[in-house]
Structures are given as C-alpha cells and as structure tokens.
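See below for the structure under consideration.
All values reported here derive from a predicted model rather than from experimental measurement. Below, chain A is the first sequence line, B the second, and so on; all start at residue 1.
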Amino acid sequence: MINKFVRTMAEAMEGIQDGSTVLIGGFGSVGQPNALIDGLIEQGAKDLTVVANNPGVGRVGLARLLDLGRVRKIICSFPRSSDPIVFETLYREGRIELEIVPQGTMAERMRAAGAGIPAFYTPTGVGTKLAEGKEIREFNGRPYVMETAIQGDVALIEAWEADRWGNLTYRASGRNFNPIMAMAGKLTIVQTQHVVELGQLDPEKIVTPGIFVDRVLHVPYGDPMIS
Amino acid sequence: MINKFVRTMAEAMEGIQDGSTVLIGGFGSVGQPNALIDGLIEQGAKDLTVVANNPGVGRVGLARLLDLGRVRKIICSFPRSSDPIVFETLYREGRIELEIVPQGTMAERMRAAGAGIPAFYTPTGVGTKLAEGKEIREFNGRPYVMETAIQGDVALIEAWEADRWGNLTYRASGRNFNPIMAMAGKLTIVQTQHVVELGQLDPEKIVTPGIFVDRVLHVPYGDPMIS
Amino acid sequence: MAAPVAANWKPLTRDQMAARVAQDIPEGWYVNLGIGLPTLIANHVPLDREVIFHSENGVLGMGPAPAKDKVDPWLINAGKQHVTLRPGGSYCHHADSFAMIRGGHIDLCVLGAFQVAENGDIANWATSENDTAPAVGGAMDLAAGAKRLWVLMEHTTKTGESKLVRKCTYPLTAPGVVKRVYTNLAVLDVTPAGFAVIEMVPGITFDELQALTDAPLHRASAARAA
Amino acid sequence: MAAPVAANWKPLTRDQMAARVAQDIPEGWYVNLGIGLPTLIANHVPLDREVIFHSENGVLGMGPAPAKDKVDPWLINAGKQHVTLRPGGSYCHHADSFAMIRGGHIDLCVLGAFQVAENGDIANWATSENDTAPAVGGAMDLAAGAKRLWVLMEHTTKTGESKLVRKCTYPLTAPGVVKRVYTNLAVLDVTPAGFAVIEMVPGITFDELQALTDAPLHRASAARAA
C-alpha cells in the first residue's frame, strides 16, 4: 500500500542536505508551509539556496532561517515584505546573495524544471537590467531573453487536502506557487491542513497529482493570519 | 453583461479566414468538437493548417474537411487512425503537407503559444529524424532541441460544462488537448455538452477560465462512440 | 503636488484619477491593476459593467473588498489585500496566472510608475541604479505581456519634478510599452511623435501643462479639452 | 518465432512475457505502458500491489479494463481502449501529462520496439527511412523522458531476424535510452559493454540464445539462468 504520509516532522525533513536548493511555496501569508519551514530550521541543513517569492517577515519562519545564517542565496521576485529587517541586514552586510527574478519568469522557470524543459524564451525583462548578461534572441521580429529552469532539491508545500497517494488540493489563493514547486522539487514535502481517504478527492479537481509528491505531514495549521 | 454564448453555428464560425491555422481538440473519439468541425466544413474556409493529434477517421468530420481539399497542411503526432483512408490518399498524391511532431512536443508548443513563450528546449526527438534541421543545444551536458510555439488563429474545443463567462470543465479523458488549445487560439470556439449558470462551477474546479474562450455554443452532442 | 499660486485649475484627487481610468474600461475586458493607486480603479467600475479583474497570484474575477467580518483569510490579491471572488471567478497557480499575462490574454494592465518616457518606456520598480535590492514582483511580466499597458500616476513628484520624461533615468521595467498615461492633470496617449494630450483638467492650459512636463507635449487631434 | 527443430526450450507466450515484466515492477512506481504488448503488463500486477499507471492522454491511476456493460465512453487510454480509474486517480491535460513524462516523474516506461541496439538505441516508430508518414505519437517523449525505459518485444521478427542489433537500421525513437529488454527468450540489461543476459527461458543455452541474436551477448555476473 502506497502511503506518503509521515508521522513526524523529523521523518518529513529526513535527508535534506547542506547546499540544497529549497523551493518554498506561498504568496503573502497564504499557502506558506510554515510548519515545514520551522522543521527545516530544526533539521539543521545549511548553505541553502532558497527560492521563494519574498525573503520573509519579521524574525520568524523564513526570516529566522536567514537570521540563523543558513541561507547562502535567495532567489525571489520581491525582496521586501511588511518587515524585511533580517534580509535587509544580511544583504547590506554582504552575507547573503540575491537573485531577483520577475515573478512570472520565476514561476515559469520552476514549471520548466518540473516539465523537463531546460530553458525557454520570454519577453519579460528584455531591455532591463534583469536581462543583462543573458542571451537575447529574436523570434518574429521581437526580442526575447533566454531563461533556464530552476530545479529544487527540496520543495516545501502547503496543501488544503491530501490523500495517501499524495494527491493535493489547495484553497483559494493558497494555490499560488505550490503546484509548480511540487513539480520542480526532487524531494517534495507537503504539510496539509486536511487528510482525506483515497478516492475522496474528485479526480477532476485534484490540482497536484501524487506523482509530484514524496512525503505528506498532517499539520492542521489553521487559517493564515489576517494582517 | 458578458455573454459568450452564441445561438447558431454560423455565429460560432463567423470570420474564420482562408489560410487560418485551426487547432482541433480531442484524443481518439473523446473530447472532439465534432459539431464545430462540421460547422467549419459548412462555413467554407479553405487553405487551412490543421493541428490535431491525428488526421481523422473514415470520411466524416476532420477526414471530410481534408477530403474536400480544404486543408493545405496537417500538424499531428499520429498520422494514422482506425480508418485513415482520406489522409493517406491525399498524402500519397502529394496534395497535403504533413508535419509530424512528437505528441508531448506538440502539446508543449501550443501551451507555449498560450503562455507567450516563443520557443523552448526539449530532450524529445534529439538524435532522431524529427530533429533534423533543428537547433540542438546542450544544457548541463545533455543535448536538447529547440521547438517553437504553435499559435492557432482558431481553436475548436469540446467542453463538458460552460457558463456565460466561458469558464469550462471537461469530462475524464475528454480534457486532453482542449485546455491548451483553448489557450493557444486567438479565436477560441467551444461546443459544450452542458450550460450552467454563472457561479455554479466550483472556482477550484474550473479547468479553462473564460479568459481563454471567445464563443460558446451549446451542443448536447452526447457520449463519444464506443468503438 | 503643489499647485501654482492663483492657478484656476485643480489637480484630480486620487479617487478622481481612478474614476477617470475606470470610465475608459469597457465591459468584458480582463484587467490587471497594479499595486497602490491603480488598485482604486476597481472601486469605480460598477458591478453591472462586468470587468474581470485578474491578480498575479492566481485569482481571476476579483470582486470588491470584503466587509471586515466577512474576510476569507485564504483569499488575497497581489498587493496582499483581502479580496472577494465574484460568481464566475476561478483560481489557478502562478505559472498559469502568468501565462494569462505573458500570453497576451490580459486586455489591460494599469500600473503606477516613477517615470514614463515619450517613447513608452516605463520605470516603476527601482528608484536608482544603486538600488541593489529593488522589488520587481510581477511588474516586468505585466509590462511586457499585457495587451495594453496604461499608467496611472501623479503628473509630477512631490518635489515638482515631471514624471513624463524624454528618457527615463530610473531603471526600466520595460521599453516602449506604455500606450496611455492618466495623471492628476491630463490624459496622454503615447504616439510615435511622443505624448499627445487628449484631455486636461478643467481650467488648465496646454502651455501650463507643458510647463509642468519635461517631455514635449503634442495636441491630439482628438483632444477633448481646450 | 519458429523454434529450431528438437529444441528443448519454449519461448514465452505474450502473457508470460507481460507477467515476467510485471514481476519486476515494485509497488509505488508510476508506470507508462506502450501500446500493444506492453499494455498487457497491467493485467499481471495485482491490485493490492499499488502501481500507478499513467496514460499520455491525461489519465493517472488507470485501473483494469471495465466490464462490457460498465464502459465509461469518456475514459480511454493512449491506445484508445476503454479503461477505468482507480480511487486516487486523476485527470490532467496533455501538457501536464507530458510534463510528467518529460520531467522525469514516470519511474518506468515499457515500450515495444522493432529494434534495440547494444548501446540502448531504440527504434519503434518507423519501419524504414522511406516510411514517409510514420506515426510517432508519444513514443519519443516517453523514450527520452521516463526515468527508466524498458523494452518488451519478441526476440526475433516473424522471419527470424534478430531484433537485438549492433546498430539500429530503422529510424531511431531515441538514442541510448533503453535500460533493459524483456523478450520471449531472455531478459537482458543494456550495459556499457552491450547486452548482458540476466535470465533465459528454461532449457535454452547461452550459445543457442547468441545464435538467435545479432548483437554480441555477455553473461551477466548476476545471471540467474544457465
């Protein structure tokens, strides 16, 4: 019997190596795998490259992972937040590397990794400093920039429902980066609000099929904070 | 009030030009927009390029469109069917052009068009005659072939349910190429088995949002044939 | 902005600016509104004129802001504000959401900007070349991908510098993409000849507007104001 | 194939061949079975050993063929046969389905073939360079994309020619991708040194097998048969 559920956070985090690229889902406070981020803090892997839409808020969660000096590089579209104190301090002191990527390019680069596509061309960023040093090429008279896939060694995902095959649904804007990061992770680890029996999810409604999921931890985390 | 429903086949087909590239959904007998194909036959546009997984069965539907000499070129992955007589005759006589594309590359080329990506690299076809004359490029030591987007002037789609904004669901394996062709068509025309009120479709379950849809015709066509 | 002494015209308020843009959005368009000022536009489109608002984080068909006691904590927009979903709305993931943008399916995007140049260049994400960690978010995708890009911004900075320029001095978001600019003083089309004034606030003269504008202005043949 | 006179061995039947492959598929693998002979493999994996079968046309988690009066006309596989969906199965569109294949998420693909070369080249879509309209379907995507590619085929053609060759004479589906070949006579791994025989049908000798095979064979150290 296939059973992707793990019972403990330690099991969920097992084997994450120093130097890993870690994809972290969520947009704003919605769909963030907060428990798994805390689990990663506890687990201890360091020298990480983190891919997330922003570098964390205050001194908790992702910001705390940064604060502990565990992140070598962050790839994000929006290196700000309501309270970006940790990132800004580290960045000013030259203690963290930053790669700014337009949000849609960041999403597509992960989708590409998940889909076995090493590189693609996009109009986004052409003629700006984010395309500097990158290959520009014309198609039908319009210039495009070549962007390469971002594969994760690990992806941390928050889902709404999950079954033992790892099939997932999301809730409202909690979907965001989660399904594409699940595709792009070599080891995809999920925290789910709800557990359902196999067969209970409508096959027309499953957003992330279990083929993209390795481990699922049941974390009834509750609603995102209302800011 | 937005209302993408049209009342007649003539309205659905209005403005399709000679020389158009027409994307036709369906895989096997499931999810094929049979009524719209007949509508296109009736409408009269010629010199068409058709993109479909195969070139039609017997002497009806797509095969009939071919038989009438209306198709200049077909792009498909599988130029066979249970009864490919029309295509084979035309092809043998040099009266139709054929571009064979691996099925996943064909799907991805249309998804790329829908997503504003003019070209991408794929491992599929490298080292085979389908990559001859195409650009080969290495990423991380592995060779890939560059493939370009296939945009449709028109896409013909079969859906299971539709509302007046053009939101669509599909049924089982009737989904196949339909959602990506809907994205890749400049003019996307849908035949739907069922009509629902706006708001009746679960927002988590809509597969093709109306943004990709221009016209919807209610055609309670019934189940695909069981062969 | 500080109005000149004894001017017999008044700049539009932020709400008036948003309302002015709203007026030009027809039913049936798919529209993405940038963070900040452009977000206000939605308040000025009556619900019975069906305009479908898109947010980068996978929300299509956003409705008005929820009542305070009706907030769905799982539903935010790209500006991280709580929103609602209209009947007919749907959710998707980030790659599909940006496929809508990059694939040219969004009829209109309205962004704020630091500067717009007369050739349609827009700078709205970094305030200097030395801003080492500027936040781009989805701005470049929207600027490069939407079918039409309009800008909604004050005509000048707080210190009176023109935001309509010959050439952007701030880092570009995208070159040559802006089609129209709505300011608190005027509506201008970006044409091959540069900015064409198609409307001005009541009472202002073309020369007064030009005096407040770095880039040279042209009178649009279709200009509706004096 | 025509067995040599007085041979004291028997080639496997098609069902035995399929069963032999099934035996090597562990629980939890995501598996795509090519059209024809490989499709039979699913019949030999017991339902309580959960193997998740994928079909290119957007079906993940296929179950056994339906009873004749229980056919869902909306549910077919890539071979256009009616199938069922297991609890836990799901549907997706063609681009997502091939993302699973191309992205290396399919643990195993088993294809039929015309020829397999000792370097792992596979030819299974066109029977000659002059076949001007061969049907490739998803074969190239599967061959290039799956994590492991196994081939299930007769050892020789109906006219007795070896299908295990030094170099494919038919047009390639993909170069250097086959990891293992199951025939009606043997199981062979593709190694840097060429084909290594890891199993033979009872009674056949290595030399007899070699005599029926164009490519040179090696004895695998792990060979389970004489």
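- Rounding to the nearest 0.5 Å places OG1 of B/Thr124 at 8.5 Å from CZ of D/Phe98.
- For B/Arg142, the part lying under 4.5 angstrom from a heavy atom of chain D is the side chain only.
- No other option in B/Asn53, B/Ile180, B/Asn54 has as many heavy-atom pairs under 4.5 Å with chain D as B/Ile180.
- D/Trp74 and B/Trp160 have perpendicular rings, their planes meeting at more than 60° on a 0 to 90° scale where under 30° would count as parallel.
- Using a 4.5 Å cut-off between heavy atoms, D/Tyr91 contacts chain B through both its backbone and its side chain.
- Contact between B/Pro102 and D/Met140 at its shortest, heavy atoms only, is CG-SD, 4.0 Å.
- Of the two parts of B/Thr105, the backbone and the side chain both hold a non-hydrogen atom closer than 4.5 Å to a non-hydrogen atom of chain D.
- Residue B/Arg64 places its CZ atom among 12 or fewer non-hydrogen atoms of other residues, nucleotides or ligands, all under 6.0 Å distant.
- Residue D/Ala95 touches chain B through both its backbone and its side chain, counting heavy-atom pairs closer than 4.5 Å.
- Taken from CE in B/Met183 to NE2 in D/His93, the straight-line distance is 7.0 Å, to the nearest 0.5 Å.
- At distances below 3.5 Å, at least one donor-acceptor pair connects side-chain atoms of D/Asp141 with backbone N or O atoms of B/Gly104.
- Using a 4.5 Å cut-off between heavy atoms, B/Asn178 does not touch chain D at all.
- Atom CG of D/Leu75 sits about 9.5 Å away from atom CZ of B/Arg171, to the nearest 0.5 Å.
- Note that CG of D/Asp72 and OG of B/Ser173 are 8.0 Å apart. Values are rounded to the nearest 0.5 Å.
- Taking chain D as the reference chain and counting heavy-atom pairs below 4.5 Å, the highest number among B/Pro123, B/Pro224, B/Ala107 is found for B/Pro224.
- Of the two parts of D/Thr173, only the backbone, made up of N, CA, C and O, holds a non-hydrogen atom closer than 4.5 Å to a non-hydrogen atom of chain B.
- From B/Met181, atom CE reaches atom NE2 of D/His94 across 9.0 Å, with rounding to the nearest 0.5 Å.
- With respect to chain B, the highest number of heavy-atom pairs below 4.5 Å among D/Ala78, D/Gly79, D/Gly145, D/Ala99 belongs to D/Ala78.
- The number of heavy atoms from other shown groups lying within 6.0 Å of NZ (D/Lys167) does not exceed 12.
- Residue contact with chain D, scored on non-hydrogen atoms closer than 4.5 Å, involves the backbone of B/Val101 exclusively.
- Between D/Leu172 and B/Gly127, the closest heavy-atom pair is CD1-O, 3.8 Å.
- For the options B/Gly174, B/Gly31, B/Pro179, heavy-atom pairs under 4.5 Å to chain D are most numerous at B/Pro179.
- For D/Cys92 against B/Arg175, the heavy-atom pair with the smallest separation is C-CD, 3.6 Å.
- Both the backbone and the side chain of D/Ile76 come within contact range of chain B, with heavy atoms under 4.5 Å apart.
- The two residues B/Ile100 and D/Pro134 have their closest heavy-atom pair at CD1-O, 3.1 Å.
- B/Phe27 CZ to D/Glu56 CD: the interatomic distance, rounded to the nearest 0.5 Å, is 6.5 Å.
- When all heavy atoms of B/Pro79 and D/Ala133 are compared, the pair lying nearest together is CG-O, 3.5 Å.
- Applying the 6.0 Å contact sphere to NZ of D/Lys147 captures more than 12 heavy atoms from other residues, nucleotides or ligands.
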